[in-house]
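From a predicted model like this one, the values you see are computed outputs, not experimental measurements. Proteins come first, then strands; the chains are lettered A, B, ... in the order of their sequence lines, and each starts at number 1.
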Amino acid sequence: MTRDDWYRHDRLPHIYCSGCGNGSIINCVLEAVSDIGWNIDETVFISGIGCSSRAPGYIQTDSLHTTHGRAIAFATGVKLANPDLHIVIFTGDGDLGAIGGNHFIHACRRNIDLTVICINNYIYGMTGGQGSPLTPYGKKSTTTPYGACEMPFDLCNLAVAAGANYVSRWTSYHVTELTKAVTAGLLTEGFSFIEVISQCPTSYGRRNSLREVSDQILYLKNNAVLHQRWKRMQEKGEDLSSDQFVVGEFIRQSRPSMGVSR
Amino acid sequence: MMKLFIDETRCKGCNICTMVCPYSIFTPGDTPNRRGIYVPVLDRPERCTNCRLTYLYGRQLCGVCSMICPDQAISWIADEPYSARCVVIEY
Amino acid sequence: MSRTEFFQGNIACAEGALAAGCRFFGGYPITPSTEVAEHLALKLPKVKGGCFIQMEDEIAGIAAVIGASWTGVRAMTATSGPGFSLMMENIGYAIMTETPCVIVNIQRGGPSTGQPTMAAQGDMMQCRFGSHGDSSIIALCPASVQECFELTVKAFNLADQFRTPVFLMADEAIGHMRERISIPDSVPYTGRKPAEKDTLPFKPDEDLIPGFAPFGSGHHVPVTGLTHDWRGYPATTNPDLHAELVSRLYHKIEDKRNGIADYEIENREASVVFICYGAPARTVAQVLHDQKHDGKDDLGCLRLRIVWPFPEALLEQFPHASVFIVPELNLGMISREIQRHTAVPVRSVSKIGGELHTPRELLQVAEEYR
């Protein structure tokens with residue numbers, strides 16, 4: 001099976017705006033899933049609420065489009081009741097970082113065998129661009145019209161601290177690296193977390209001087225700092241600029257996990 | 001041989017493909033289609049690595065345009081093999 | 001053969017779940033329902049395919065239960081008032097996605113934290129109307145430890161049959177009361193109607209209920225809480241489709257309310273009739289017993305084991321009734337529902353604070369109408 005066979009073609013084109021990164025990320029995830037060769041009947045995509053969470057509706061498998069923030073909790077039930085199912089969760093920065101934060105850290109702690117793809121577009125896209133817990137400091141959204149005055153979460157560090165087995169961050173521009181990271185996450189036993197920074201030209205870009213899709217793509221390309229380089233920077237005592245973010249693999253370990261099919 | 005193909009019913013004209021192709025095969029379109037979308041135009045698509053070498057290597061090569069296309073609009077379709085010895089005589 | 005035990009209501013409920021084939025429990029500790037979770041934590045891991053998990057909160061508890069139910073297993077959670085309030089959104093999700101599951105609510109005094117260790121029936125309206133939007137559910141009310149067992153079994157059967165969340169609305173008095181209970185070797189079983197191959201996953205049959213296609217069975221069901229068509233695809237802006245879907249979810253249960261009804265009637269010829277459910281039914285039984293002993297037989301009783309959907313046809317079983325007396329451990333929730341359906345005067349005897357009605361209190365009210 002190829003990536004194309006995993007799509008529900010009768011549902012395409014999807015509802016995402018022109019230039020939205022979600023479609024690219026679904027491509028990468030389905031590429032990884034079909035590369036591994038999982039059985040389409042035994043794979044379940046689960047999501048919460050938001051732009052990112054509409055993704056499972058375009059995939060030709062069993063899928064669960066749940067309530068806001070609760071995707072991981074639903075997935076825990078599915079996985080424990082039937083460990084033979086492969087489960088991938090699509091979620092967003094608001095869905096996972098705000099309303100679903102508690103479920104997220106507890107799933108990391110339990111190290112349950114799930115793979116979470118968090119599409120981080122810095123805002124709540126579906127409701128029109130409100131600030132999220134991942135809106136960078138000083139950036140504008142409809143609920144932070146004077147610039148966000150709160151510090152954002154670093155979900156990757158949070159996942160590492162809470163005990164996830166695999167954590168990495170990429171962007172919707174780095175499709176090849178992202179596909180590799182998703183593959184690694186899917187194959188890792190235990191909780192895998194992949195944060196994908198994505199462009200939202202409609203709600204985020206146009207309020208933050210990144211009006212064109214190309215502006216946001218270049219922003220992602222130019223501000224991504226590879227994990228290894230960041231370590232060297234730390235050794236030299238250098239710091240990231242406010243726009244820069246770290247990409248790469250944060251951790252890969254084998255803490256005892258639950259819900260693994262034996 | 002393979003041929004690059006943009007599905008106009010899916011393309012939303014975001015032009016991300018024009019930024020990623022190493023050969024710059026995709027160029028922004030200048031005329032809107034029936035749905036009012038400026039679908040990118042292919043500039044000498046026979047240069048595409050995947051089109052030329054898929055069968056030789058037996059697997060997909062490059063493929064970044066298809067992978068990054070958020071609207072699942074870019075794909076390859078089978079094409080007549082390119083014949084090196086074919087000479088076109090122009091009168 | 002059956003075995004006899006001396007159990008409290010919560011343990012009986014857990015045993016009922018095991019007997020019914022429940023294989024998944026997801027929940028969060030809350031007084032006075034914890035014994036249900038504790039007993040299942042002990043027993044479920046020893047059952048083949050059994051899984052117990054203590055989630056991070058009640059929201060996650062019900063979410064895990066719904067997720068587990070979609071793999072085809074019978075799943076339940078147990079909670080009390082505050083947890084029940086937290087679960088409301090996901091209960092609505094279970095209604096919309098037609099997910100069978102059982103939610104045990106050992107009711108305690110509310111609102112808010114209220115009286116964790118005292119009995120109440122204050123969630124009777126919340127279980128029916130707590131989640132937003134039009135819907136219908138099934139709620140059972142046990143009045144003894146034996147019924148905690150039997151009605152839990154029945155709750156699973158109804159959940160599977162109607163593809164809906166089913167509530168076991170016990171109260172702290174029943175949950176923590178110890179009684180003799182007889183546990184049968186086998187219990188009635190009505191499973192889920194399986195989805196036939198190549199049918200649309202949300203296309204209802206004539207009984208308004210679609211067949212169930214569990215995850216992993218190759219049906220590729222897209223489950224969503226959005227308004228969806230028969231394929232399960234979101235169709236949120238189609239007024240007709242929404243009306244059809246929500247009406248069906250309502251009517252699949254409400255149309256069969258008189259068939260679902262589970263009740264006990266005593267003395268159809270009575271002029272003064274008690275209508276009761278849950279713990280107050282025990283006081284009513286005492287009053288009727290005492291009065292019969294004294295040679296007076298003008299008192300009657302309708303005891304509801306299933307309160308929602310409300311079986312209003314039963315009210316016509318008492319042709320000579322001059323009053324319906326409704327003792328409840330709330331400020332008259334079900335008495336108002338009874339009022340909606342009858343011309344007979346309804347007298348609510350509310351008692352809140354955590355103690356049950358005494359037989360004397362109820363008799364005093366009955367005397368007024370003699």
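- Of the N and O atoms on the side chains of C:His220 and A:Thr61, not one donor lies less than 3.5 Å from an acceptor on the other residue.
- Looking at C:Gln54, its side chain never comes within 3.5 Å of a backbone N or O of C:Ala41 through a donor-acceptor pair.
- Between the side chains of A:Arg169 and A:Asn157, no donor-acceptor pair is found at a separation under 3.5 Å.
- By a heavy-atom distance cut of under 4.5 Å, A:Arg8, A:Asp10, A:Arg11 are the residues of residues 5-12 of chain A near chain C, going up by number.
- In this structure, chain A has heavy atoms under 4.5 Å from both the backbone and the side chain of C:Thr224.
- Side chains of C:Asn10 and C:His39: no donor on one and acceptor on the other come within 3.5 Å.
- Pairs of residues two or more places apart, or lying in two chains, that qualify as salt bridge (Lys or Arg N to Asp or Glu O under 4.0 Å) and include a residue from residues 128-140 of chain C are C:Arg128-C:Glu254.
- By the 4.0 Å N-to-carboxylate-O rule, C:Lys193 lies close enough to C:Asp205 to be salt-bridged with it.
- Side-chain contact check for A:Tyr166 versus A:Arg252: some heavy-atom pair is nearer than 4.5 Å.
- If you tally non-hydrogen atom pairs under 4.5 Å between each of C:Pro234, C:Gly49, C:Gly61 and chain A, the highest count goes to C:Pro234.
- In this structure, C:Cys127 and C:Phe84 have side chains that are in contact, with non-hydrogen atoms separated by less than 4.5 Å.
- Residues from residues 36-60 of chain A that place a non-hydrogen atom less than 4.5 Å from a non-hydrogen atom of chain C comprise A:Ile40, A:Asp41, A:Val44, A:Arg54, A:Gln60, given in numerical order.
- Within the 4.5 angstrom heavy-atom criterion, atoms from both the backbone and the side chain of A:Leu64 approach chain C.
- Residues C:Asn105 and C:Leu168 fail the side-chain proximity criterion, which asks for heavy atoms closer than 4.5 Å.
- For an aromatic pair to be called close, the ring centres must be under 6.0 Å apart, and C:Phe156 with C:Tyr189 fails this.
- Looking at A:Thr66, the atoms closer than 4.5 Å to chain C (heavy atoms on both sides) sit in the backbone and in the side chain alike.
- When heavy atoms are compared at a cutoff of 4.5 Å, C:Phe24 approaches chain A solely by way of its side chain, counted from C-beta outward.
- The backbone N or O of A:Gln199 sits nowhere less than 3.5 Å from a side-chain atom of A:Asn121 that would complete a donor-acceptor pair.
- Checked against the 6.0 Å centroid criterion, the rings of C:Trp70 and C:Phe212 qualify as a close aromatic pair.
- Note: A:Tyr16 and A:His14 have tilted aromatic rings, judged against thresholds of 30 and 60 degrees for the angle between ring planes.
- Formation of a donor-acceptor pair under 3.5 Å by the C:Arg163 side chain with backbone atoms of C:Pro210 is found in this model.
- Looking only at heavy-atom pairs under 4.5 Å with chain C, the residue among A:Ile72, A:Leu80, A:Thr67, A:Leu85 that has the most is A:Thr67.
- Interface residue A:Arg110: only side-chain heavy atoms are found under 4.5 Å from chain C.
- The interface of residues 101-108 of chain A with chain C, defined by heavy-atom distances below 4.5 Å, comprises A:Asn102, A:His103, A:His106.
- Taking the charged nitrogens against the carboxylate oxygens, C:Glu98 and C:Arg248 do have a contact shorter than 4.0 Å, which makes a salt bridge.
- The closest donor-acceptor contact from the side chain of A:Asn82 to the backbone of C:Ala68 lies at 3.5 Å or more, if one exists at all.
- If you tally non-hydrogen atom pairs under 4.5 Å between each of C:Arg231, C:Glu56, C:His219, C:Met96 and chain A, the highest count goes to C:Glu56.
- Using a 4.5 Å heavy-atom threshold, the side chains of C:Ile137 and C:Ile95 count as touching.
- Contact of C:Val73 with chain A is made through the side chain alone, with heavy-atom distances under 4.5 Å.
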